[in-house]
Amino acid sequence: MTGAEDDRVTGAEDDRTRGRRGRAGRLSRLREGWLARLRERVESRALTALAVLTSVALVAAFYYPTATVLIEAVVVDGAVTLGVFADVLTDPFYFGELARLLSGESPVAVTRSLASPDRRLGIVGFTAYQAALSTVASVALGLPAAYLLARFEFPGRRTLRSLTIVPFVLPSIMVAVGFVATFGENGTLNAALAAVGLPPVDLMFTLEAVVIAHAFYNAPLVARVTTAAWESVDASAVETARSLGAGPVRAFVDVVAPQVYPAVLTGAALTFVFTFGTFPIVLALGGFELATVEVFVYRLVRDLSYAEAAALAIVELAVSLGVLLAYLRYEARSSTSTRGARPLPRRPLVPPTPSLRELLPRAGLAAYAVVAGVVFLAPIASMILASVTGGDGALTLDHYRFLVERQQTGAAFQVRPWPAIRNSLLFAAAATLLALPMGVVVAVLTTRRYRGRTLVDAAAMAPLAVSGIIVGLGLLRGLVFGVEIAGWRIAASGAVAIVVAHAVAGYPFVVRTVSPGLSGLDRSLVESARALGASRARVIRDVELPLVWPAVVAGAAFAFAISIGEFTSTVVLATGADAYTMPVAIERFIGRRLGPATAMGVVLLVVTGLSFVVIERLGGEHRGI
Amino acid sequence: MTTDDSETRRRPARSHTRRRFLTATGAAGAVALAGCSAERVDDGGGDGTDGGNETDGGDTNGGDGDGGDGGDDETPTLTVATYTNFIDAPSVSPGEWLKEEFESRYDATLEWATPDNEVNYYIERAASGAGIDADLYVGLTTEDLVRVDDELDGDLFAEAGEFEGRDRVRSGLRFDPFERAVPYDTGYVSLVYDGTATEAPETFEGLLDDEHAGALIAQNPGGSSTGRAFLLHTIDRFGDGGVASDGDGEAVEGADGDPDYDYLDYWADLQANDVRVLGTWDDAYTAWSNGEAPIVVSYSTDQVFADMEGADLEEHQIRFLNDQAYANPEGMAVFADADEPELAREFMSFMLEPEVQGEIAQRNVAFPATDDAELPSDYAELAQAPADPVTFSYDQLRGNVDAWVEAWERQFAGN
């Protein structure tokens, strides 16, 4: 924006001084004309160039590596076969009663057993079932937070909004520590229940514990995405509706809700995909009875049974992409017109007048705050408490002392805290800067109308849907070992490869947060800017992005979060001891006593929390036109 | 040339990097390629890329290795691959001491390599023809060797050959029938229990008592080595019921002497008695430490750590079911493709010296592989060894272990 204003000023000056300069002026005009033409050409090609770069990054750091593994499902010992697939699809262990259908049994018989109480879901069916439950729980816990953050004003609101994503980056071992300490037999929750005379609850090692943990991770996602959309709702549209006689409920249903729905669905679809591919947390808090597909993908890869692992991963991918596709088709149909010029005014948290209409929503929020305190704050508080508790149960700073000691005396080949912090921040900043243009360019390309664009969109979302274990193995083969081309082995590892891999993993968030807003933009804005001679890239930068700015900032925060929390590809690509990050350090510091790992976890918590606050401050509150 | 070589040889990426160039050009690919390396693959011979690189490394090292003794300042580098805990653990790990001690005694530089996928990383490398960039591997288990031999046609590891101290390794620990891996320590997987909350049973059958309902936390045998060791121990005890025999009727017989009751029956009973099978050792130990259940599958050296952090030893009791524990000996082997095979064997010899054996056992919190290790006299008080260690041999595991784990998974998680 600032750049555009500068240009205008220089242009005006040119006009004024023209004619007074003579020959030199003509020369410089020629030069300027040439520069302007060059600039125009660069600008008009910028979008294409960015699209090409994005594709190159995606192919190099995702599609090719992943393909080297997935292909093993159909190419076994050099021969193409569908046998492995057929075996997986017709295996009741994986597909339950559905497998019987796939192996040719009559649909009537299968339907009958599906209706019976002792039906078998199979591992895939169960995985989808727990993902659906987790999605419902995440939306239920995420929406009130979005309502609070988007519609109310209170001290610390912006900081709280920034911090919502923190749970998203926590390694599963930290969450397990926090959850056992909170929901365990001797946990905080039971202590609190006993204090008020209620019977204890036995949550550990149940499906409920897993679903709550999934909500811990994903409700913040739903909340953050929805808040961004809600903040983009134009106040004047609501005012118009109200002035036409609509009541507040009617105005909400007709004007606000249609603009917020797509974001809620985005959050829900992403939550489903994430929890469908869930892995360590299920076994940590649930146990092997609740094993999901990814558990088996992991074991099969570990045992080098690649064909079956790849076949299962493709099944996983198909389900996840199917959900994303269904959601994308909905998003394409439901685009509403928005201009996001002036956000809705926020209400104070303390009601100005104590009427029932003012008090009711606030009472609801108060109840929600209690639930959120148990689900989000208590586990995090337990992690922090664990980091200052010694083996004998007394309070101690020993674990932090360990971090300092390791920093000072650790050998060169050992993981030390400061380089881990530094690398995490550097990689995340670089990955975010890379993911933003990648995400924006894909969002722009997929909001154009053409046949098969949802397919392109779904393919662009694939990094979210492929098993992390498979991607890790693919990066090992495709990047670390490299490709042989014309007698040269091209390989990539280390910092730059990590940044690209993180950007590829994080950019779908930018697409998903930015895309609904872009497709809802009034086309006449873009068209008039184009008619006035602005290049497509210029229109995106100066017109479209400012209108959906909250979504851009949310996308950037997610890209940053993905990079900070990423583990699998980081350890694969960080050959040598100098490119490890905070999650790697946490994993490395796990020993007989969990103290050092939890202390490092708290460092991660604080560093990422601060980063999110900085990102959102840099992003500004709202930069509409 | 010599200077260049010594420069390269001190770098973490070893001799194969000799012809590594940074690609600084290519505008379109700049983003993706900036951290890229391009390495010329030699066309020589019909052995493919691997052979080419090997010859390459061999040339250089042949000259340097010999010259190293001759007093020029070429210090050979030995690259030792291992798992991360061996060199980097929050409490103690042998890596740092071993490196210092080895470098002070031999005119060589020791570099550690700890790829995340451990042995699988080298199996993958060999299968992709990417060349092996390490000299030996420390931390091999019987199952690793089975996986290596199942996956690769060629040899990943060379025969250990003769070197000083090799015959000091206790014969009961030697787990490689092809004499590649040489054991350097061993651990035992047993039960650890909180003596203030329960008294753990003395037999496998005791775990099925009502008294111990919901009392045991184990780990997923598909993802955790303690979990797998415990599963294998139950197979040794109860037999496999022929699940891995492809219908030829040959079954692994259990020590319980009952052919009609196999490990799957035992696990069905354990599951009915509310056993918890969590993901990793960390998951299980965290839950156990928080009092979710009083008994956990863990290592028989648990008291060493408990003592280190000043915990109450009564809460860290060891139980050997039926006086047994599953032994997991760890071995080291030279890569067939090693640049420094002689130095690698000197290192193996070094690893088996009495003083070094004692240090490894204490720092890796394990048991030495030789009888003459120098250990403090009270070491055995905290690090307990079973009267009757149990372990499956290479031949028993090969062709069976995958089927055992899979059959267990299908029974335990049948949804």
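We name chains A, B, ... by the order of the sequence lines, and we start the count at 1 in each one. Everything quoted here is computed from the prediction, not taken from an experiment.
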Under 4.5 Å to a heavy atom of chain A? For B:Y285 that would be side chain
Atom CG in B:L278, atom CG in A:L285: separation rounded to 0.5 Å? 8.5 Å
What's the separation between atom CG in A:L473 and atom CG in B:N117, rounded to the nearest 0.5 Å? 7.0 Å
From A:Y298 OH over to B:N220 CG, what is the distance, rounded to the nearest 0.5 angstrom? 8.5 Å
If you define the side chain from C-beta out and look only at heavy atoms, does anything of A:F288 sit under 4.5 Å from B:E409? yes
When you measure from the centre of the six-membered ring of A:Y94, is the NZ or CZ of B:R410 closer than 6.0 Å and no more than 45° off the axis? yes
Show the nearest heavy-atom pair for residues A:G184 and B:E292, with the distance to one decimal. CA-OE2, 2.9 Å
Quick one: are A:M204 and B:R276 in side-chain contact, heavy atoms under 4.5 Å? no
Chain A shares the most heavy-atom pairs under 4.5 Å, among B:E124, B:E143, B:E151, with B:E124
Heavy-atom pairs under 4.5 Å with chain A, option from B:Q271, B:R147, B:Q219 with the top count: B:R147
Option in B:G223, B:A311, B:A127 with maximal non-hydrogen atom pairs under 4.5 Å from chain A: B:G223
Assess the residue pair B:I123 and A:L304 against the criterion (side chain to side chain contact (heavy atoms under 4.5 Å, CB included)); give the C-alpha distance rounded to whole Å, side-chain angles, the decisive distance to 0.1 Å, and a yes or no. CA-CA 9 Å; B:I123 297 176; A:L304 307 176; 3.8 Å; yes
Answer whether the closest heavy-atom distance between the side chains of B:D282 and A:E587 falls below 4.5 Å. no
Quick one: CZ on A:F413 to CG on B:L110, what's the gap to the nearest 0.5 Å? 8.5 Å
To the nearest 0.5 Å, what is the distance between CD (A:E484) and OG (B:S128)? 11.0 Å
Distance in Å, B:D116 CG paired with A:L573 CG, rounded so as to fall on 0.5 Å steps: 11.0 Å
What pair of heavy atoms forms the shortest contact from A:Q414 to B:I87, and how long is it? NE2-O, 2.7 Å
Nearest non-hydrogen partners of A:D303 and B:D402, listed with the distance: OD2-OD1, 3.7 Å
To check you understand the geometry: which heavy-atom pair defines the closest contact between A:V415 and B:D88, and what is its length? N-OD2, 2.9 Å
Heavy-atom nearest pair, B:V275 first then A:E289, reads O-OE2, 4.2 Å
